[in-house]
Amino acid sequence: MARKAKELLDIPADDFEMVVRIVREEDIAVARQMAKQLAQGLGFSLADVTKVATAVSELARNIYRYAQTGKIMIRKRLEENGGPTIQVVAVDRGPGIEDVDLVLTRGYTTYERSLGIGLSGIRRLMDFFEVVSEVGTGTAVVVEKRRRKF
Amino acid sequence: MTFKEKVVPTIRVADCLLVPIQIDLDDKTVEQLQAQLLAEIQEQRVRAVILDVRMVEVIDSYISYTLSETAAMARLMGCRTVICGIRPPVALTLAQMGIELQGFLVARDLEHALALVWSP
Ligand SMILES: Nc1ncnc2c1ncn2[C@@H]1O[C@H](COP(=O)(O)OP(=O)(O)OP(=O)(O)O)[C@@H](O)[C@H]1O
Ligand SMILES: [Mg+2]
């Protein structure tokens, strides 16, 4: 786990189509907008564009709130005999998460003004979801959404 | 409240305040909107606030929380809040995340919203 956290935190940003540094609150909206554009450009349905944008919004806000700064990195992956997939990697070198299962519980929060459903919610919206975190090192969240034929 | 202090222009319709949200709701905007609406409810003594979110493309957890908090505050001031025009993809996303927009009456459109407000 610890090795994986470091590996993910060190993924070179060059491997991604879009990188948004989250430093200020406004960057949350910027990241959301970029994700939307990429998903639209890849021909995702409006429903899936909205899900991807919402997921990025949650991840960017978590970085801003809990780690102050970090990065949202987005790329497309072309699966063999399948449509394109959007992958979002959210990384920060913030405090890390001690008990990942606990924070994925619906309603769990350490922030006073919130529902505590960001992570558990996006887990339901995406096709792939993984949190890798180490206290003192940082947190990486990886989510993916496949394009669906409809 | 002066025009400059408003993040979203509002329209008075009979005893209601109509709030068509035409901008991207980021965190700061939704907080400013809350402050604006509470001030307007107090100044204008409206019976209801109707939020029209037809143009809003993303409603996430924090935006929902702040909107619901606003609805709860409005209720304490004797004012109803109705949300109308939620886009289908936004409705789908909220439903899958399990977000309920507590505190709001939910309407299909403006006409339905007014009917809800004026129903006894
Ligand atoms: N990047 C992060 N670094 C450290 N802790 C985090 C990070 N992301 C989430 N957490 C922890 O996980 C908890 C749950 O996160 P989640 O996004 O599910 O809910 P929330 O942010 O508390 O509320 P909401 O997202 O509904 O506004 C947070 O309260 C925080 O304690
Ligand atoms: Mg969150």
Side-chain angles (χ1 to χ4, degrees), chain A residues 20 22 24-37 39-40 44-66 103-109 111-127 129 143 145 148 150, chain B residues 7-8 21-38 51-76 81 83-104 106:
Chain A
V20 183
I22 306 300
R24 300 166 309 155
E25 194 179 78
E26 297 90 279
D27 298 329
I28 300 170
V30 174
R32 185 202 292 167
Q33 200 61 31
M34 302 266 268
K36 202 178 105 189
Q37 271 168 22
Q40 264 167 350
F44 276 59
S45 69
L46 194 53
D48 287 347
V49 170
T50 305
K51 289 180 193 175
V52 170
T54 305
V56 167
S57 195
E58 298 292 352
L59 293 173
R61 183 175 299 100
N62 280 356
I63 290 175
Y64 180 72
R65 256 190 206 167
Y66 306 114
V103 302
L104 294 182
T105 315
R106 221 185 121 66
Y108 175 86
T109 181
Y111 195 80
E112 71 273 31
R113 297 185 67 246
S114 67
L115 299 166
I117 56 176
L119 290 173
S120 60
I122 58 179
R123 183 183 208 168
R124 299 198 211 166
L125 298 177
M126 297 290 117
D127 297 319
F129 175 91
V143 300
K145 190 80 187 162
R148 244 161 278 270
F150 47 99
Chain B
V7 275
V8 173
I21 302 177
Q22 314 262 15
I23 46 169
D24 196 23
L25 284 180
D26 62 30
D27 297 26
K28 198 164 283 151
T29 312
V30 77
E31 285 161 16
Q32 286 169 345
L33 178 65
Q34 178 180 80
Q36 177 192 325
L37 293 182
L38 296 176
L51 292 185
D52 183 348
V53 294
R54 250 178 315 168
M55 307 294 284
V56 177
E57 292 177 348
V58 172
I59 298 183
D60 63 16
S61 171
Y62 180 68
I63 296 169
S64 307
Y65 175 87
T66 310
L67 292 179
S68 283
E69 189 185 52
T70 310
M73 292 168 168
R75 194 180 64 81
L76 291 170
T81 44
I83 194 162
C84 74
I86 297 178
R87 289 170 171 236
V90 173
L92 179 72
T93 304
L94 289 174
Q96 284 195 357
M97 292 181 81
I99 296 177
E100 288 173 14
L101 290 174
Q102 277 184 15
F104 283 97
V106 182

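Convention: sequence-line order gives letters A, B, ...; per-chain numbering from 1.
Using a 4.5 Å cut-off between heavy atoms, A:Arg61 touches chain B through its side chain atoms alone. Contact of A:Ser114 with chain B is made through the backbone alone, with heavy-atom distances under 4.5 Å. Interface residue A:Leu115: backbone and side-chain heavy atoms are both found under 4.5 Å from chain B.
If you take OG1 on A:Thr50 and CG on B:Leu94, they are separated by 10.0 Å, rounding to the nearest 0.5 Å. How far CE of A:Met126 is from CD of B:Gln96: 9.0 Å, rounded to the nearest 0.5 Å. One finds the OH atom of B:Tyr65 at 9.5 Å from the OG1 atom of A:Thr109 (value rounded to the nearest 0.5 Å).
Taking both residues in full, the closest heavy atoms of A:Thr54 and B:Ile59 are given as CG2-O, 4.2 Å, listed atom of the first, atom of the second, then distance. Shortest non-hydrogen contact noted between B:Leu25 and A:Arg32 is O-NH1, 3.3 Å.
No side-chain heavy atom of B:Met97 sits under 4.5 Å from any side-chain heavy atom of A:Arg124. Side-chain contact check for A:Leu125 versus B:Thr93: some heavy-atom pair is nearer than 4.5 Å. At least one side-chain heavy atom of B:Thr66 sits less than 4.5 Å from a side-chain heavy atom of A:Arg113. Put simply, the side chain of B:Tyr62 does not reach to within 4.5 Å of the side chain of A:Glu58, judged on heavy atoms. No side-chain heavy atom of B:Asp27 sits under 4.5 Å from any side-chain heavy atom of A:Glu26.
The most heavy-atom pairs under 4.5 Å with chain A, out of B:Ser68, B:Pro89, B:Ser64, come from B:Pro89. The choice from B:Asp26, B:Asp24, B:Val58 that makes the most heavy-atom pairs within less than 4.5 Å of chain A is B:Val58.
Shown here is A:Arg106, whose CZ atom has more than 12 heavy atoms of other residues, nucleotides or ligands within 6.0 Å.
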